[in-house]
Amino acid sequence: MYKQTEDRRSFLKKMAILSAVTTATAMFPGILFAEEQTKNLPVGDLEWKKAPCRFCGVGCGVKVGIENGKAVAVKGDPNSTVNKGLCCVKGYHAVISMYGKDRLTKPLVKKNGKYVETSMKEALDLVASKLKETREQHGNDSVSIYGSGQWTIPDGYVASKFFKGCLSTNNVEANARLCMAGAVGGFLTTFGIDEPMGCYEDIDHADVFVLWGNNMAEMHPVLFSRLLDQKYKRKAVIIDFATRTTRTSVAANKSILFKPQTDLAVANAICHEILRNGWENKEFVSKYCNLSKGKTNIGYGLEDKFKFKEEASAINLDEFKKFLEDYTPEKVEKISGVSAKDIKYMASLYGDPNKKVTSFWCMGMNQHTRATWINNLVYNIHLLTGKISTPGNSPFSLTGQPSACGTVREVGTLTNRLPYGVVMNPKHREKAAKIWNVPVSNIPPKPTYHTVEMFRALDRGDIKFMWIQVTNPMVTLPNVNRYTDAAKKEGRFIVVSDIYPTPTTDIADVILPSAMWVEREGLFGNSERRTQYFEQMVNPPGECMSDTWQLIEVARRLGFQEQFPYKEETHIEEIYNEYRQFHNNKKHNMAPLEVLKEEAGMQWPYVDGKPTQWRFNAKYDPACTKEGFDFYGKPDGKAIIWQRPYEAPPEVPTEEFPFWLNTGRVLEHWHTGSMTRRIPVLNRAVPHAYVELNPVDAKRLGISDGDMVLLTSKRGKLKMPALINGRGLPPVGQVFTPFFDENMLVNKLTLDAYDPISKQPDYKKCAVRVEKA
Amino acid sequence: MPIKSYIAYPSEGKRQELIEALKEFEECEVIPSENHKIIIVVTETDSKEEEKVMEAKLKEVNSLMMLSMVAGFDTN
């Protein structure tokens, strides 16, 4: 064991060197460093245990250093093929976020307007009795649960089983509806099955990366390092296609800016160019694709109880070509602001048969009132050129949360979903009922509320009880004022499980302190279908309890002991093994827990002891039942090329509100900042939100860097300091603000419009007025 | 008292120049690979403020193409 300060400093320095050497060795097999410089590097007495990172959806493998029962250090895991030992600034500070001074450690119950500490037993008794009473008085659909892509797989699984299987309500949603639903909509409509066909290894094979509204340098920095590495090693080309200039634009080979929403038109123009030049892969299209068109002018979901039903009909390639005549590069230049030359350049990259192309996207395409459409359109490009499901050829939707895929999408913690399939399908309900040990009649056959509508139902009084776990909707919901007021209305009962006080715990009637990350055992699933296990490494503080166990305790209090018979010491293993039964097939089989305990994660489908890297390609995917490609999510094995037009967004700048407002994240803070703002070094780096302005606009409005600016939309007002020539540069007529700062709630301004197909709201475009405050 | 380690990538043909430039900084320990262009850089500063200044200086080194952080510790 090392001794006092000097020894400790020397030890940590050697650890830092060792981490770098290990990482370099993983990235560049055979690399050598001078022996005298690397000898005597310590193994140390810290106990290092593997886990997936707590933050974004990349799913970096990390090693957590444990000392005297406390998590004290993080380093990248060189055994992880995801990050190969690299770690971003959030990741390597992750353990500090567990030890903030204001950590919630005792349950709190609101009495006469004040929070009073109570025991966990009493708090859970109260939650159970309120849940029971509300159902008895107002019916099954008066209660709801709202979780997140930070729910571990067992958390989401027991939430779904409890609410759908036992309480007979499909009022189960998660915040991934706000970030990934558009991607799911795209996958289901094009391929009939969710989640990317490729994997991060595509990065090592692609010649070209097209980033569709995806600031990877800040949001997925470790993956972006891998892209840059390929740029330098293999001269891979990076195209940043975005609405504002960012760190990603600066590092890319080429930055192309487009006007908000017009990515739809540009994607169509790229398809037009591919077909006009005969660059399509005719054999691939004829053997593996169908063409369809759907409804147009589909609305924006701005009104309560908005309904939409898609009506698809088949088209042929000539009809598709005819449709694309409205999308010549020259016509689209006028809509999008992207030059015809740049559109043709992008088309030529996709169209070149000798170039492997990977498209990445995240919130730019998914937080979009036409999210499903733009996902469809990028798939169109890859399907027309046959650049899909092979190493380096990959349309790849990234995620922002550690288990948006693993929990929300795979466990199915959305109103319409089950761990296997959808609630509307009787066979899927039968399967769930059998595994859950409940009567099939318990599971209602109709979805209820998606996220925005769930909070609208809370406002209307249709929902009276809501349990919110591991998410912060009073910061993240669009048009958040309406929903904050809704939660405070008479007759609503809100339970919030979290680790720190947030604007969401402020509206709670009961606050349950949760165990965080490696304070409990769990599993996450990342963007590339990789399931990762982590053990409990340290004890949670005070009375903190995992979200999984909180749910089990309440379920048992309501009489569901038979459905939740798990032992406390083995419940995660029992739950995971039960859950695996849903995916016991070649299309989605998941690795056994004992494998996940040993490995830095494993991708599904896991068949005959092997992960699947590229789905739908018979060469790599054992679920394929025919030669070549088999898009087996569709009955005939064919993917769909969708005819989808450009349609304007619901709100555009006007004389009264002349600026586009775009919102997003920054490198240093993760989502609403409830964890990263407790990490002093990150909080000091970016202590508060700001509004980025173009210098031309700033000069015209008499605004200097740091001046307070008043932003006004139809829904609210917000004052924040100006940032001019900072890390991001919006074009003239646009402003950008990050959403991590609970003291400057930008979602007071945003619009709760959503994509009618996926129900995902659009946080990237609404209209505001900008004035010097 | 932060300690951080990085993998540094030199600009094309500027590896030696980068090594020399990095060695100029007192706060840097430089460990070049013997058979690859990458270089391991370890920074050791007395305060977070100094660390910030150090990072800014590193970013200004012309022969540096990319810097990827690997690990970091605060000895306080």
Side-chain angles (χ1 to χ4, degrees), chain A residues 5-38 46 62-63 65 72-76 78 83-89 91-93 96 221-222 224-226 228-229 231-233 251 680-681 684-685, chain B residues 1-16 18-19 22-23 25-56 58-60 62-76:
Chain A
T5 315
E6 277 306 307
D7 282 356
R8 179 178 171 81
R9 192 166 170 77
S10 160
F11 168 79
L12 290 175
K13 186 170 181 183
K14 285 178 179 174
M15 283 305 307
I17 297 172
L18 178 67
S19 296
V21 169
T22 315
T23 298
T25 307
M27 291 177 75
F28 310 105
I31 194 168
L32 296 172
F33 293 91
E35 200 178 328
E36 68 272 16
Q37 285 176 301
T38 53
L46 285 187
V62 297
K63 292 280 184 86
V72 296
V74 174
K75 61 181 181 178
N83 51 314
K84 303 185 180 188
L86 292 172
C87 212
C88 85
V89 68
Y92 90 81
H93 285 112
I96 299 174
V222 168
F224 195 63
S225 292
R226 291 184 59 181
L228 287 179
D229 192 39
K231 180 184 171 193
Y232 301 133
K233 273 201 298 211
V681 65
R684 275 196 296 272
Chain B
M1 301 173 84
I3 295 170
K4 290 184 179 175
S5 63
Y6 302 87
I7 290 178
Y9 294 75
S11 301
E12 200 64 44
K14 294 193 172 174
R15 182 171 186 269
Q16 198 52 39
L18 178 60
I19 293 169
L22 293 172
K23 281 183 175 172
F25 299 122
E26 274 180 33
E27 305 90 335
C28 277
E29 181 168 343
V30 182
I31 307 175
S33 165
E34 288 183 36
N35 59 350
H36 193 282
K37 67 179 178 182
I38 70 153
I39 298 157
I40 288 174
V41 184
V42 183
T43 62
E44 186 177 12
T45 47
D46 287 335
S47 67
K48 295 202 166 73
E49 290 67 34
E50 280 187 25
E51 168 66 23
K52 214 171 170 181
V53 173
M54 184 69 234
E55 274 182 11
L58 285 173
K59 283 175 189 166
E60 283 173 14
N62 285 331
S63 47
L64 177 67
M65 182 178 272
M66 188 175 91
L67 199 61
S68 296
M69 184 160 47
V70 176
F73 304 98
D74 194 334
T75 60
N76 281 339

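In what follows, chains carry the letters A, B, and so on, assigned in the order in which the sequence lines appear, proteins first and then strands, with residues in each chain numbered from 1. What you see below is based on every heavy atom in this structure, not just the backbone, and it leaves out hydrogens, waters and symmetry mates.
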S.K.: Relative to chain A, which segment of B/Glu12 carries a heavy atom at a distance below 4.5 Å: side chain, backbone, both, or neither?
M.R.: side chain

S.K.: So for B/Met69, is it side chain, backbone, both, or neither that comes closer than 4.5 Å to the heavy atoms of chain A?
M.R.: both

S.K.: Out of A/Arg684, A/His93, A/Lys75, which one racks up the most heavy-atom pairs below 4.5 Å with chain B?
M.R.: A/Arg684

S.K.: Can you tell me how far apart CG (A/Asp229) and CE (B/Met66) are? Round to the nearest 0.5 Å.
M.R.: 5.5 Å

S.K.: Determine the minimum heavy-atom distance between A/Leu86 and B/Ser68, stating which atoms define it.
M.R.: CD2-CB, 3.9 Å

S.K.: Given that the side chain runs from C-beta out, which part of A/Val89 has a heavy atom under 4.5 Å from chain B: side chain, backbone, both or neither?
M.R.: both

S.K.: More than 12 heavy atoms of other residues, nucleotides or ligands under 6.0 Å from NZ of B/Lys52: is that the case?
M.R.: no

S.K.: Which heavy-atom pair separates A/Tyr232 from B/Lys37 by the least distance, and what is that distance?
M.R.: O-NZ, 4.3 Å

S.K.: State, to 0.1 Å, how close B/Ile3 and A/Ala16 come at their nearest heavy-atom pair, and which atoms those are.
M.R.: CG2-CB, 3.9 Å

S.K.: When rounded to the nearest 0.5 angstrom, what is the spacing between CG in A/Leu228 and CG in B/Leu67?
M.R.: 12.0 Å

